Amino acid sequence: MKSALLNYENIFYLNNTTISGITSIDGSYNIKYEPIKTIGVGYNKQVIAEVPIANFSINKYLLYNDPFLPFTGENANKTAKSFKGSINYNGKKLGFLSGYLNSFSLSCSVGEIPSTTADIIVYGDLGPSYDASGNFKPPELFVPQVKDITLTCSGSSSNRVTSFDYSINCPKQPIYTLNQSGISFSGPTGPVAPIPNYIPSEVLLNTPIEINASFGLEVDDYQSKSLYNILTNDIDTSFSITIKGKVFETTALVTTDLEGFNENNGVTILNPSFSNVKMIS
C-alpha cells in the first residue's frame with residue numbers, strides 16, 4: 001500500500017515563491033466536444049469545439065499581504081497581469097505558465113482567522129511539464145486577532161460588526177487571432193516557430209472592476225432608511241477595512257526589517273477603503 005501524502009508535503013508556488021497558509025487547492029480543465037453531422041451520413045465524429053481552459057481555486061488564511069491581490073489590475077499597456085504557478089508533491093507537479101486572476105474574496109467573522117479565495121483561469125497549457133518553484137520564501141507570518149480587525153461602515157460606530165465578506169471581480173477577455181501555419185521568417189534571425197492559434201495573442205481586463213461587500217451587525221441603535229427616500233435621495237456611502245497581524249515574539253528581524261512594524265499594534269496586512277459605494281440591500 002502506498003504511503004499517503006501529508007499536507008506539509010504539498011507546496012504551491014507562485015512566480016518562484018512559496019505560498020503559505022493554503023488550506024485547499026482545486027484544479028480542473030474542461031474540453032468541449034461537439035458532433036459533426038453530414039447529410040446522408042448522420043453522425044461522423046466528435047471534434048474539440050473550443051479552446052480548452054483550466055481553472056484553479058485556492059483557499060488560504062490571510063497571514064500576510066496577500067500575493068494574489070496585485071493581479072487584480074492591468075499592465076501599463078492595458079493587458080491583464082499574468083503569473084505562473086504550480087503545486088509540487090512527491091517529485092511531481094501540476095503547473096501553468098499563464099494564469100489570470102478572475103476574482104478575489106475575503107471572509108471574516110468573530111472567532112475565525114480571515115480567509116481568502118483566489119479564482120484563477122489559465123489560458124494556455126497546463127500539466128506536469130510546468131514548474132513555478134523557486135528559492136523565494138514567503139514573508140513573515142502574522143496571525144490576525146479579533147481586536148486587530150477594524151471595519152468602518154454605516155452603523156459600525158454604535159453597533160457590533162460580527163462578520164463581513166469582501167470580493168473583487170476582475171474577469172478577463174482572451175483575444176485570439178488566426179495565424180499562418182508552418183514556419184515564418186523574421187529577418188536575419190532565420191525561421192521562427194509560429195504562434196499556435198489556441199494561445200491568445202493577448203488577454204484583457206474587463207473593466208470596470210466590481211467590488212462587493214456585505215456586513216453582519218448585532219443591532220443596538222441601527223435603523224434602516226426608508227426605501228422610497230433612497231430612491232429620491234441616492235447618495236454614496238463608504239466603508240474601510242483594516243486588518244493587522246499580531247507579532248507574538250519580538251526578534252531582531254521583525255523589528256528592523258518589516259516596514260510599518262509596531263510592537264503593540266502589529267503589521268497592517270490589508271487596508272482597503274472606498275467612498276463611491278452604493279447600498280443595494
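Quick caveat: nothing in here was measured; it's all calculated off a predicted structure. Residues: numbered from 1 along the sequence shown. Values below: every heavy atom of this structure, side chains too, minus hydrogens, waters and symmetry copies.
- Ring-plane geometry between Y166 and F274 is classed as tilted, the angle between the planes lying from 30 to 60 degrees on a 0 to 90 degree scale.
- The line from OG of S129 to CG of L97 is 9.5 Å long, rounded to the nearest 0.5 Å.
- For the pair P67/T17, no side-chain contact is recorded, criterion being any heavy-atom separation below 4.5 Å from C-beta on.
- Minimum interatomic distance between G99 and I120 (heavy atoms only, all atoms of both residues): CA-CG2, 4.2 Å.
- No more than 12 heavy atoms of other residues, nucleotides or ligands lie within 6.0 Å of OH in Y228, so this atom counts as exposed by the packing criterion.
- For the pair L94 and F56, the minimum side-chain heavy-atom distance is below 4.5 Å.
- Counting non-hydrogen atoms of neighbouring residues, nucleotides and ligands closer than 6.0 angstrom, the CG atom of N135 reaches no more than 12 such neighbours.
- Nearest heavy-atom pair, D66 versus K60, reported as atom, atom and distance to 0.1 Å: OD2-NZ, 3.5 Å.
- Ring to ring, F215 and F239 are close: their centroids are under 6.0 angstrom apart.
- Enclosure of atom NZ in K37 is not indicated, since only 12 or fewer non-hydrogen atoms of other residues, nucleotides or ligands lie within 6.0 angstrom.
- Of all the heavy atoms in K81 and P70, the pair that sits closest is CD-O, 3.3 Å.
- Listed by chain and residue number, nothing satisfies the ring pair (Phe, Tyr, Trp, His ring centres under 6.0 Å) test with F12 (two or more places apart in sequence, or in another chain).
- At a cut-off of 3.5 Å, with distance as the only test, no side-chain donor of N59 or T23 sits close to an acceptor on the other residue.
- Taking 4.5 Å as the limit, every side-chain heavy atom of V203 sits out of range of all side-chain heavy atoms of S82.
- With values rounded to the nearest 0.5 angstrom, L205 atom CG is found 10.0 Å from N102 atom CG.
- Both I113 and L151 are part of a single hydrophobic cluster, where members link through side-chain heavy atoms under 4.5 Å apart.
- Between D165 and S107 the shortest side-chain heavy-atom distance falls below 4.5 Å.
- Residues L217 and I149 fall within the same hydrophobic cluster, defined by Ile, Leu, Val, Met, Phe, Trp and Tyr side chains chained together at heavy-atom separations under 4.5 Å.
- With values rounded to the nearest 0.5 angstrom, T79 atom OG1 is found 7.5 Å from Y100 atom OH.
- Side-chain atoms of T242 and N271 include a donor-acceptor pair closer than 3.5 Å.
- Without hydrogens or angle criteria, S98 side chain to Y123 main chain gives a donor-acceptor distance under 3.5 Å.
- Note: F71 and F83 meet the aromatic proximity criterion, with ring centroids under 6.0 Å apart.
- Within the structure, every pair that satisfies the side chain to side chain donor-acceptor pair (under 3.5 Å) test and touches residues 210-221, not counting sequence neighbours, is listed here: S158-D221, N159-D221, R160-E218, R160-D220.
- Going from atom CG of N55 over to atom OG of S28 covers 5.0 Å, rounded to the nearest 0.5 Å.
- Annotation: the span from K32 atom NZ to Q46 atom CD amounts to 12.5 Å, rounded to 0.5 Å.
- Counting heavy atoms from C-beta on, the side chains of I175 and P200 never come closer than 4.5 Å.
- Residues Y64 and L14 are members of one and the same hydrophobic cluster, defined by side-chain heavy-atom contacts under 4.5 angstrom among Ile, Leu, Val, Met, Phe, Trp and Tyr.
- No hydrogens or angles considered: a donor-acceptor pair under 3.5 Å links the side chains of D125 and Y130.
- Among all heavy-atom pairs drawn from K78 and L204, the shortest one is O-CD2, 3.7 Å.
- When the salt bridge (charged side-chain N to carboxylate O under 4.0 Å, His left out) test is applied to K84, no partner is found at least two apart in sequence or on another chain.
- Here the shortest heavy-atom pairing between G245 and F142 reads CA-CB, 3.4 Å.
- Rounding to the nearest 0.5 Å gives a distance of 9.5 Å between OG of S20 and CD1 of I11.
- Taking 4.5 Å as the limit, some side-chain heavy atom of I243 sits within range of a side-chain heavy atom of L106.
- In this structure, a donor-acceptor pair under 3.5 Å is absent between the side chains of N169 and S103.
- With a 4.5 Å cut-off on side-chain heavy atoms, V122 and Y29 do not count as touching.
- Contact between N16 and S133 at its shortest, heavy atoms only, is ND2-O, 3.0 Å.
- For the pair I48/I31, a side-chain contact is recorded, criterion being any heavy-atom separation below 4.5 Å from C-beta on.
- Under the 4.5 Å side-chain heavy-atom criterion for Ile, Leu, Val, Met, Phe, Trp and Tyr, I19 and L69 are members of the same hydrophobic cluster.
- Hydrophobic cluster membership is shared by F104 and I25, with clusters built from Ile, Leu, Val, Met, Phe, Trp and Tyr side chains linked at under 4.5 angstrom.
- Side-chain atoms of K172 come within 3.5 Å of backbone atoms of L101 as a donor-acceptor pair (strictly under, hydrogens ignored).
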Starting from the C-alpha separation in whole Å, work towards a yes-or-no answer on side chain to side chain contact (heavy atoms under 4.5 Å, CB included) for V51 and Y176. CA-CA 10 Å; V51 176; Y176 295 96; 3.8 Å; yes

